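Everything below concerns the one structure shown next.
In this text the structure is predicted, and so the values were computed from the model without any measurement. Residue numbers begin at 1 in each chain, while the letters A, B, ... track the order of the sequences.
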Number of protein chains: 2
Amino acid sequence: MAKEIVDDQLAQNQLVTNHLVENPFAARGHDHSSCIVSALDGAEKRCSRRGERLTPLRRRVLELVWRGHRPVGAYDLLALLQDERGRVAPPTIYRALEFLCDQGLVHRLDSLQAFIGCGHPGAHDEAHHAAHFLICQDCGLAVEMRDGQLDGAILGLAARAGFAIADETVEISGLCADCQV
Amino acid sequence: MAKEIVDDQLAQNQLVTNHLVENPFAARGHDHSSCIVSALDGAEKRCSRRGERLTPLRRRVLELVWRGHRPVGAYDLLALLQDERGRVAPPTIYRALEFLCDQGLVHRLDSLQAFIGCGHPGAHDEAHHAAHFLICQDCGLAVEMRDGQLDGAILGLAARAGFAIADETVEISGLCADCQV
DNA sequence: TATAGATCTGTTATAATATAACATAATGAA
DNA sequence: TTCATTATGTTATATTATAACAGATCTATA
Ligand SMILES: [Zn+2]
Ligand SMILES: [Zn+2]
Ligand SMILES: [Zn+2]
Ligand SMILES: [Zn+2]
């Protein structure tokens, strides 16, 4: 990836889904700027409530992550940041991403080695709502799911194995409804 | 990682679990050599049935992957192969791993960027049994689960979203029963 | 407000994982 | 055997991520 994907991200904002909707694949053409605003707004509140500092750099990286509902690579973000600030080194972006992930504002998609804004921070604070994704291999959209049956199945099998869950990576890739022949 | 983990792998074979057992975390102290034998044996059969060539290199890489029930990094495998063959370059190991993954004999754990032998090749040929793992962050054992409820939950949520599944990454990390205080 | 400790950011270098591209060798079918 | 295909060797490089340390900024409290 690199420049093409960055450019692609530029174009996606208005064709994309709303994170407030249960199935974003079904909600194209939404006003994505409201997604960004509410994500940044929520992030401010969440950080201040937790006594953490959403510095201008971190805020800007979060904003860049939220340019669309597609996962973004760390080096794509780096390129975007370099466009506005000149030389920026990898640790700058990785530290910001680490902070944002720690705060539950961003998730890393291990299957793509890429990052995406959390569709519902705060939900992860509750009993057991880990981040579970559907990822379209054609249009690239990634949707964070909340599914009680899935949560229950995972809790159940862990319980039967006596296993204490710390982290969950659940990433289902395939074709979204719109991208199937 | 690197040398330490390679050495660690050397020691693990006799403390490890049997992939024929439903919950391998509960079956330590098994005779791991039988795991290796049956994995290689099954691989030969599977490849010949599919008209694929399990060459000496591929077979040896599979054997190295099966040294234990812990995920192994590509560069750890490379080091092991170099010990026996002198200079070996990364593409050698990556090509063998790609073949083994394509044949369903090995899985890549995205959350660890590491590889592990498939506990039940053939099961993935059936209707819908993707590879789902429990991974202990303390002892490092990774266990491939088969859970109908989990399969069902994933199929159900995909169906409701009209999503056509191509790949599943399901890796649950935490502490196995033996490693909890 | 001054100052010290803590946290954040900048900077350089490098580690760890993975692939592209092309040359040579082994295999298998005709 | 001969040719086409597949597998392996080899060199170089891409991609993702972190270590280590210096300098700047913020915060608390004297
Ligand atoms: Zn989330
Ligand atoms: Zn799609
Ligand atoms: Zn498997
Ligand atoms: Zn354990």
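- Atom CG of B:Leu57 and atom P of D:dT6 are 18 Å apart (whole Å).
- Rounded to whole angstrom, the span from the CD atom of A:Gln82 across to the P atom of C:dT9 amounts to 17 Å.
- In this structure, the side chain to side chain donor-acceptor pair (under 3.5 Å) partners of B:Arg60, at least two apart in sequence or on a different chain, are B:Glu63, B:Glu84.
- A sub-4.0 Å separation between OP1 or OP2 of C:dT9 and a side-chain N or O of A:Thr55 is present.
- Here the straight-line distance linking atom CD of B:Glu44 with atom SG of B:Cys47 works out to 7.5 Å at 0.5 Å rounding.
- Checking side-chain atoms of A:Arg70 against main-chain N and O of A:Cys139 turns up a donor-acceptor pair under 3.5 Å.
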At a cut-off of 3.5 Å, list every protein nitrogen or oxygen paired with a nitrogen or oxygen from nucleotides 25-28 of chain D, distance to 0.1 Å.
none

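- The interatomic distance linking A:Arg85 (CZ) with C:dT11 (P) rounds to 12 Å, in whole Å.
- Following rounding to the nearest Å, A:Leu77 (CG) and D:dA17 (P) show an atom-to-atom distance of 11 Å.
- Between A:Glu144 and A:His107, the side chains place a donor N or O and an acceptor N or O closer than 3.5 Å (distance only, hydrogens not considered).
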message = Is there a side chain to side chain contact (heavy atoms under 4.5 Å, CB included) between B:Ile172 and A:Thr169? Walk through the geometry before answering.
response = CA-CA 6 Å; B:Ile172 311 299; A:Thr169 298; over 6 Å; no
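- Residue A:Tyr75 is grouped with residue A:Trp66 when hydrophobic side chains (ILVMFWY) are merged at heavy-atom distances under 4.5 angstrom, including chains of intermediate members.
- Summary for the helix from C:dT1-D:dA30 to C:dA30-D:dT1: the axes at its two ends, each from 5 pairs, differ by 30° when rounded to the nearest 10 degrees.
- Straight-line distance from the CD atom of B:Gln103 to the C1' atom of D:dA7: 14 Å, rounded to whole Å.
- Side-chain atoms of B:Arg58 lie closest to D:dA7 of the nucleotides C:dA18, D:dA7, D:dT16.
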task = Apply salt bridge (charged side-chain N to carboxylate O under 4.0 Å, His left out) to the pair B:Arg146 and B:Asp151, showing each step before the final yes or no.
result = CA-CA 8 Å; B:Arg146 302 182 66 178; B:Asp151 290 335; over 6 Å; no
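- Summarising the geometry, the separation between CG on A:Leu109 and P on D:dT16 is reported as 14 Å, rounded to the nearest angstrom.
- Regarding B:Glu52, its CD atom lies at a distance of 15 Å from the C1' atom of C:dG28, rounded to whole Å.
- Applying the salt bridge (charged side-chain N to carboxylate O under 4.0 Å, His left out) rule to pairs touching residues 104-113 of chain B yields B:Arg108-B:Asp110, sequence neighbours excluded.
- Protein atom CG of B:Leu112 is 14 Å distant from nucleotide atom P of D:dA17, rounded to whole Å.
- Residues from residues 88-100 of chain A placing a heavy atom under 4.0 Å of any atom in DNA chain D, listed by number, are A:Pro90, A:Pro91, A:Tyr94, A:Arg95.
- Listed nucleotides C:dT9, D:dG9, C:dA18 differ in distance to B:Gln113; the shortest reach to its side chain belongs to C:dA18.
- Screening residues 93-106 of chain B for side chain to side chain donor-acceptor pair (under 3.5 Å) gives B:Arg50-B:Gln103 as the qualifying pairs, with residues at least two apart or on separate chains.
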request  = In sequence, state the C-alpha distance, the side-chain angles, and the governing distance for B:Arg53 and B:Phe99, and then conclude on side chain to side chain contact (heavy atoms under 4.5 Å, CB included).
outcome  = CA-CA 10 Å; B:Arg53 297 163 56 192; B:Phe99 172 85; 5.7 Å; no
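- Here CD1 of A:Ile93 is found 10.0 Å from CG of A:Asp76. Values are rounded to the nearest 0.5 Å.
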